[in-house]
Number of protein chains: 2
Amino acid sequence: MDNLKGRAGEILPALVTTPADLKQSRQKREERSDAVQNRLKILEVAKALFAKNGVEKVTMTEIAETACIGKGTLYRHFSYKGELCLALLQETSRAFQNDVLSGFGEEGRRTTALGRLYLYVDRSIDFMEQNHALLRPALENASAQHNTDQLVAYASMRLLGAVLLKEAVASGECRSDLDIEYMTDALQGLLGIELFIYQRQAIGLSVDRLKAGVRQVLEGIVTKS
Amino acid sequence: MDNLKGRAGEILPALVTTPADLKQSRQKREERSDAVQNRLKILEVAKALFAKNGVEKVTMTEIAETACIGKGTLYRHFSYKGELCLALLQETSRAFQNDVLSGFGEEGRRTTALGRLYLYVDRSIDFMEQNHALLRPALENASAQHNTDQLVAYASMRLLGAVLLKEAVASGECRSDLDIEYMTDALQGLLGIELFIYQRQAIGLSVDRLKAGVRQVLEGIVTKS
DNA sequence: TATCTTAGCGGACTGTAGTCCGTTTGTCAA
DNA sequence: TTGACAAACGGACTACAGTCCGCTAAGATA
């Protein structure tokens, strides 16, 4: 398994760059026109099938057949269902990611480092609420898979949490003996999609309750005053 | 998806009772002798194969072939690999579960409710360290699956955390406005096997660091004195 | 326009999960 | 001991994931 430590530098830029962008800059030839067409067709078909039958129920074979392409072609574009989900999430994600990266715009600028950490939590939970159907398959087995996009997506989120935590500690708002590295993962755990779905659907907690809950945990590491 | 709320009463007794015990008390006829033999053979073969090739690599088909039984027979006993892992975990689990249920013996009696919560964390992490290879397949997709044993195992752990948290709040050691229900899930999240494996293997945190980390989080909800 | 190169295509193929159902056999009652 | 019955067996079968590799045609070159 890859060790993600210290890869922050390479990962961050990827956040604001789509895989397509990267490919174009790395490769000599552009993608062939039929390949572009097929990619679009796959995404279109997948989107429709997911909407109709639910992500879980749709098989890769079904997608290939519906799109009238061979399985080889499908797998050339997306090596498993999660990658397809990730691609469908791209548009939505970008807005979210830019928001986080920009420091949450005006709202973020008006508050402290700790405030931005809270904003990060709220936005993450909102994002999960809106996209959990695609997020689960997109991230499952993230640590086991060796899929680059998935690792990047996961590591990016982790890094953002780490940065915000570090800032909050540096600004003196959090206890200085905090194990930031552990807390980063703990935060990722609390904001994990599996836990989210369990809490929302099996336990029935509301979005606001989840936000308040994470906040309550974070309040615990705040410098006592 | 099942709502687990309020099922505490039925779940707790199951913890100290093996599936076999339950079957015996519920059914008229005892299990047929050839069935008992086959079950033992399957467990034996699975244990050996898991040890030799790693749980991930071993397939259900391979287990059936090695045990010289039909696939139907295998699936009659264990409907998927995780159930097999759960069965193999039974012995080890029981010691752990009894320990928790007994209130951590002498050590638990000498300390406070909060102390027992910390003990619970430590023991859980130790347990994961020893059994993660079987625990991951045993619990994966726990929320999605409708497997009874799995739900019981998961819900039992959740309940124990809830009880210990409640006691700690009742004894005045934790902030009284704590959202216990949320915190229960959060604790489950922090003690989740997926996060554990990620932190241990991908990030490389030590067992002691994990214990200390969870404790740091819990210290945050402790009544300030 | 003709030729060449190779990215991309597609479907046959392999391996696994999991089901189905006709057959076998352990157990119990007479 | 025998017959009846259901529990248990087992392997053929279906469905899906994912790979492989020979073929097709896009588009670069001249």
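Chain identifiers are assigned alphabetically (A, B, ...) following the order of the sequence lines, protein sequences preceding nucleic acid strands; residue numbering begins at 1 within each chain.
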### Task
Could you list by number each residue of residues 57-66 of chain A showing a heavy-atom separation from DNA chain C of less than 4.0 Å, or answer none if no residue does?
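Contacts with DNA chain C under 4.0 Å: none.
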Take the protein atom [atom1] of [X] and the nucleotide atom [atom2] of [N], then report the distance between them rounded to whole Å.
{"X": "A:N53", "N": "D:dA15", "atom1": "CG", "atom2": "P", "answer": "16 Å"}
{"X": "A:Y75", "N": "D:dC21", "atom1": "OH", "atom2": "C1'", "answer": "17 Å"}
{"X": "A:Q37", "N": "D:dA25", "atom1": "CD", "atom2": "P", "answer": "15 Å"}
{"X": "A:I42", "N": "C:dG8", "atom1": "CD1", "atom2": "P", "answer": "12 Å"}
{"X": "B:L84", "N": "C:dT16", "atom1": "CG", "atom2": "P", "answer": "17 Å"}
{"X": "B:L74", "N": "C:dT16", "atom1": "CG", "atom2": "P", "answer": "14 Å"}

Which distance, rounded to the nearest 0.5 Å, do you find between the [atom1] of [X] and the [atom2] of [Y]?
{"X": "B:K81", "Y": "B:L134", "atom1": "NZ", "atom2": "CG", "value": "10.5 Å"}
{"X": "B:L195", "Y": "B:R200", "atom1": "CG", "atom2": "CZ", "value": "12.5 Å"}
{"X": "B:L135", "Y": "B:S93", "atom1": "CG", "atom2": "OG", "value": "7.0 Å"}

### Message
Quick check: closest heavy atoms across B:H77 and B:A35, and the distance to 0.1 Å?
### Response
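In terms of heavy atoms, the two residues are closest at CE1-O, 3.4 Å.
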### Contact summary for B:V55 and B:P137, nearest pair of heavy atoms
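So the minimum-distance heavy-atom pair works out to CG1-CG, 3.7 Å.
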Pairs under 3.5 angstrom only: tabulate donor-acceptor contacts from the side chains of residues 209-216 of chain B to other protein residues two or more places apart or in another chain.
unit_1 : atom_1 : unit_2 : atom_2 : d
B:R209 : NE     : A:D179 : OD2    : 2.7
B:R209 : NH2    : A:D179 : OD1    : 3.0
B:R209 : NH2    : A:E181 : OE1    : 3.3
B:K211 : NZ     : B:D126 : OD1    : 2.9
B:K211 : NZ     : B:D126 : OD2    : 3.3
B:R215 : NH2    : B:D122 : OD2    : 3.1
B:Q216 : OE1    : A:D179 : N      : 3.1
B:Q216 : NE2    : A:D177 : O      : 3.0

### Message
So that I can tick it off, tell me whether B:E31 and B:R39 are bridged by a salt bridge, with the cut-off set at under 4.0 angstrom between side-chain N and carboxylate O.
### Response
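Yes, charged N to carboxylate O under 4.0 Å.
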### Query
Taking protein heavy atoms under 4.0 Å as touching, what does nucleotides 4-12 of chain D look like 5' to 3' if B marks base contact, S marks sugar-phosphate-only contact and - marks none?
---BBSBB-
### Query
Is the distance from OP1 or OP2 of C:dT27 to the nearest side-chain N or O of B:S33 less than 4.0 Å?
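Yes, because at least one side-chain N or O of B:S33 sits under 4.0 Å from OP1 or OP2 of C:dT27.
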### Query
Angle class for the A:F196/A:H132 ring planes (parallel below 30°, perpendicular above 60°, tilted otherwise)?
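Because their plane-to-plane angle lies in the 30° to 60° range, the rings of A:F196 and A:H132 count as tilted.
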